[in-house]
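Scroll down for the structure; my scribbles are underneath it.
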Amino acid sequence: MTIFSKIIAGEIPSYKVAENDKFFAFLDINPVNWGHTLVVPKKEEDYIFDISDEDLGEMMVFAKKVAKGIKKAIPCRKVGVTVLGLEVPHAHIHLVPLQKEGDMDFKSKIDNPDPAKMKELAEAIASNIE
Ligand code: 5GP
């Protein structure tokens, strides 16, 4: 069971922003920028391009809904999309609100983000997802 599956199962706490029967979205615990959100499939798969065409399409549509919520909740020019997958072997899409290119620098993360601010951001994003 991956750490993300434990989060989805509620065994590990997370700042959840959205969920449906197949996908789950929550704030990255070490965000590169405030509002940095991860979108993961509930079905465990390591590499994103091993996901079936149908599920990958649905995952991107779910990510689009989450990104629209992020953009409404957090002032930004666009929500950037990245896939790395080098740390956690459970496919995920990074969504990061951007004002400038440097806002998505994975070498510069916010360490120990304030829990109250993370909770507030997750609730703001969640309440803006249609
Ligand atoms: P990647 O696998 O895409 O290289 O990086 C995994 C991402 O997941 C990192 O940005 C990291 O901060 C995030 N992450 C790792 N463990 C946890 C966790 O337990 N909770 C949350 N919310 N994020 C995590």
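Remember, it's 1-based here, ligands and their atoms both numbered in the order they're listed. Positions are given from 1 along the sequence. If you're wondering where the values come from, they're calculated on a predicted model, not measured in any experiment.
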Counting each atom of ligand 1 from 1 as listed, which ones have a heavy atom of Asn30 under 4.0 Å away? 12 (O)
Hey, is the main chain of His90 close enough, under 3.5 Å, to the side chain of Glu44 for a donor-acceptor pair? no
Please say whether Ile7 places an N or O atom under 3.5 Å from an N or O atom belonging to ligand 1. no
When Val96, Leu95, Val39 are each screened for side chain to side chain contact (heavy atoms under 4.5 Å, CB included) with Val81, the one that passes is Leu95
Part of Ile12 within contact of ligand 1 (heavy atoms, under 4.0 Å): neither
Under 4.0 Å, heavy-atom basis, I'd like to know which part of Ile3 is in contact with ligand 1: side chain, backbone, both or neither. side chain
In the protein, which heavy atom is nearest to atom 15 (C) of ligand 1, and how far is it? Glu87 OE2, 3.4 Å
Check the hydrophobic clustering (I, L, V, M, F, W, Y; side-chain heavy atoms under 4.5 Å; chains of links allowed) and say if Val17 and Ile7 are grouped together. no
Worked verdict on Lys72 versus Glu130 for salt bridge (charged side-chain N to carboxylate O under 4.0 Å, His left out): CA-CA 11 Å; Lys72 281 188 189 159; Glu130 290 176 1; 2.8 Å; yes
If you measure from each heavy atom of Gly85 to ligand 1, is any distance below 4.0 Å? yes
Test item: side-chain donor near acceptor, His94 and Thr82, under 3.5 Å: no
Close approach of Phe4 to ligand 1, heavy atoms, under 4.0 angstrom: yes
Contact atoms of ligand 1, heavy-atom distance to His92 under 4.0 Å: 1 (P), 2 (O), 3 (O), 5 (O), 6 (C)
For atom 12 (O) of ligand 1, the closest protein heavy atom turns out to be Asp28 OD1, 2.5 Å
Checking a contact table here: which protein heavy atom is nearest atom 24 (C) of ligand 1, and how many Å away? Ile29 CG2, 3.6 Å
Taking 4.0 Å as the limit for heavy-atom contacts, which would you say applies to Phe26 with ligand 1: side chain only, backbone only, both, or neither? side chain
Does ligand 1 have any atom that is closer than 4.0 Å to a heavy atom of Leu38? yes
Evaluate His36 for polar contact with ligand 1, using N/O atom pairs at a separation under 3.5 Å. no
What's the verdict on side-chain contact (heavy atoms from CB on, under 4.5 Å) for Phe23 and Val40, showing C-alpha distance, side-chain angles and the deciding distance? CA-CA 6 Å; Phe23 306 102; Val40 307; over 6 Å; no
Can you tell me if Lys42 uses its side chain to pair, donor with acceptor, with the backbone of Asn20 under 3.5 Å? yes
Answer with yes or no after comparing the ring centroid distance for Phe26 and Phe4 against a 6.0 Å cut-off, counting only values under it. yes
